[in-house]
Amino acid sequence: MDYSEIIARDINVLRQNRPLIHHMTNFVVMNQTANLTLAIGGQPVMSHAIEEVEEMVSYAGCLLLNIGTLVPELIDSMITAGRKANKLGVPVVFDPVGAGATKLRTDSAKRILSEVKVSIIRANLAETLTCAGIKAEIVGVDSRESDETALEKIKTASKILGTVIAVTGVKDVITDSKQTAICSNGNEIMGKVTGTGCSSSTSVACFASVEKDPFIAAVCGVCFYSLMGELAAEKSDGPASFEISLRDRIYSATEEEISRRLKLEIITG
């Protein structure tokens, strides 16, 4: 399976069909992820009110839940939208920002996972392990977990939670516990810009709206975003110009550069 061809194919489908991506996301990155969705090819909507989320998600190609700026009443709204998405067969991507950092975040993430069927979790290592009930170290929303045993821990978390997991970091790991993808694209400057993890989740949600297999969708979404970050860093002088360059690179991405620059390893078993 040539993932560079799949990414290029799905980008073309996104740009032709322009699916609605329903974001219930945090206020820090809302403008950033809306523009990212447009650059990839989808249509963003940021709808949080419990009175309208069921109606809104009925028009969506994917629902993205992100608890970055968490308030308790938002969880009821997310669960209402998630249950409706499940009934309609709309895929749900979950970004459990800061799970493990506070009791509210941990409890909220676990409640969402117990009441909504999530297709893909995109998170850092500590957030992922916390969701699976595995002890992890986290400060604020940043993981302090070692990468030395990361792969086996992530596969274990995927088995426990019964979903595809995409953990982003120096290397990105995506697994459904039976097959694992390791993406080595990206650039360290991505860690100097707020919201790059949230934006990776948006990329995954866009691909999930047009790709039925959640593992393939997660691989494509994470790899595409990391690769575009790598290309953008080469044309940037610092974090501010990187943000502008990143959106431009995503908007003008070509099949040739995806095929030539993608660094992806697939492990079965």
Side-chain angles (χ1 to χ4, degrees), residues 22-33 46-50 53 57 62-83 85-86 91-147 150 153-154 156-169 172-175 190-191 193-205 208 218 221-222:
H22 182 176
H23 287 68
M24 299 183 73
T25 190
N26 76 70
F27 303 123
V28 176
V29 302
M30 201 172 293
N31 181 266
Q32 191 174 329
T33 50
M46 277 53 184
S47 170
H48 296 79
I50 197 167
V53 292
V57 81
C62 186
L63 172 66
L64 172 59
L65 306 178
N66 175 315
I67 62 170
T69 48
L70 177 63
V71 290
E73 54 266 33
L74 181 60
I75 299 304
D76 290 335
S77 192
M78 286 184 171
I79 289 172
T80 298
R83 285 175 170 170
N86 288 166
V92 179
V93 175
F94 182 37
D95 188 338
V97 182
T102 67
K103 186 175 186 303
L104 175 63
R105 286 175 184 273
T106 301
D107 291 348
S108 297
K110 290 184 176 180
R111 185 183 165 208
I112 288 172
L113 288 167
S114 70
E115 299 190 39
V116 176
K117 175 60 178 174
V118 169
S119 302
I120 302 164
I121 296 174
R122 203 298 312 163
N124 67 33
L125 180 55
E127 292 162 348
T128 299
L129 299 183
T130 297
C131 287
I134 302 171
K135 186 178 180 181
E137 185 177 351
I138 185 168
V139 177
V141 297
D142 294 326
S143 174
R144 291 292 184 268
E145 281 292 306
S146 164
D147 289 335
K153 288 181 176 177
I154 297 166
T156 299
S158 177
K159 288 179 183 176
I160 292 172
L161 295 168
T163 189
V164 172
I165 289 178
V167 173
T168 51
D172 304 319
V173 178
I174 305 99
T175 187
M190 298 173 79
V193 177
T194 190
T196 49
C198 301
S199 297
S200 183
S201 297
T202 287
S203 181
V204 169
V222 167

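Residues meeting the side-chain contact (heavy atoms from CB on, under 4.5 Å) test with S201, sequence neighbours left out: L64, D95, R122. Contacts of S47 classified as side-chain hydrogen bond (donor to acceptor under 3.5 Å, both in side chains), with partners at least two apart in sequence or in another chain: E52. Taking N86 as the reference, V92, V116, K117 meet the side-chain contact (heavy atoms from CB on, under 4.5 Å) condition, with sequence neighbours excluded. Partners of T128 by side-chain contact (heavy atoms from CB on, under 4.5 Å), not counting sequence neighbours, listed by chain and number: A123, A157, I165, V167. Remark: H23 engages T202 in a side-chain hydrogen bond (donor to acceptor under 3.5 Å, both in side chains) (not counting sequence neighbours). Applying the side-chain contact (heavy atoms from CB on, under 4.5 Å) test to M190 and every residue at least two apart in sequence or in another chain returns T196, Y225, F242.
H22 places no side-chain N or O within 3.5 Å of a backbone atom of L65 that could act as its donor or acceptor partner. A donor-acceptor contact shorter than 3.5 Å is absent between the side chain of S158 and the backbone of I154. A donor-acceptor pair is defined here as one N or O able to donate and one able to accept, closer than 3.5 Å; such a pair exists between the side chain of T163 and the backbone of V118. Put simply, the side chain of R105 never gets that close to the backbone of P96: no donor and acceptor are under 3.5 Å apart. Checked by atom type and distance alone, the side chain of T106 pairs as donor or acceptor with a backbone atom of G100 at under 3.5 Å.
Once rounded to the nearest 0.5 Å, the distance linking OG of S108 with CG of L113 reads 11.0 Å.
I75 has its side chain within reach of L70: a pair of non-hydrogen atoms, C-beta onward, lies under 4.5 Å apart.
Contact record, V97 with G68: CB-CA, 3.6 Å, taken as the closest heavy-atom pair. Closest approach of I67 to M78, counting heavy atoms only: CG2-SD, 3.8 Å. Between A49 and S77, the closest heavy-atom pair is C-OG, 3.7 Å. Closest of all the heavy-atom pairs between M24 and V53 is CE-CG1, 3.7 Å.
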With side chain to side chain contact (heavy atoms under 4.5 Å, CB included) as the test, would you mind laying out the steps for I121 and E127 before giving the verdict? CA-CA 10 Å; I121 296 174; E127 292 162 348; over 6 Å; no
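Pairs of residues two or more places apart, or lying in two chains, that qualify as salt bridge (charged side-chain N to carboxylate O under 4.0 Å, His left out) and include a residue from residues 68-81 are D76-R111.
Within a 6.0 Å radius of NZ in K110, more than 12 heavy atoms belonging to other residues, nucleotides or ligands are found.
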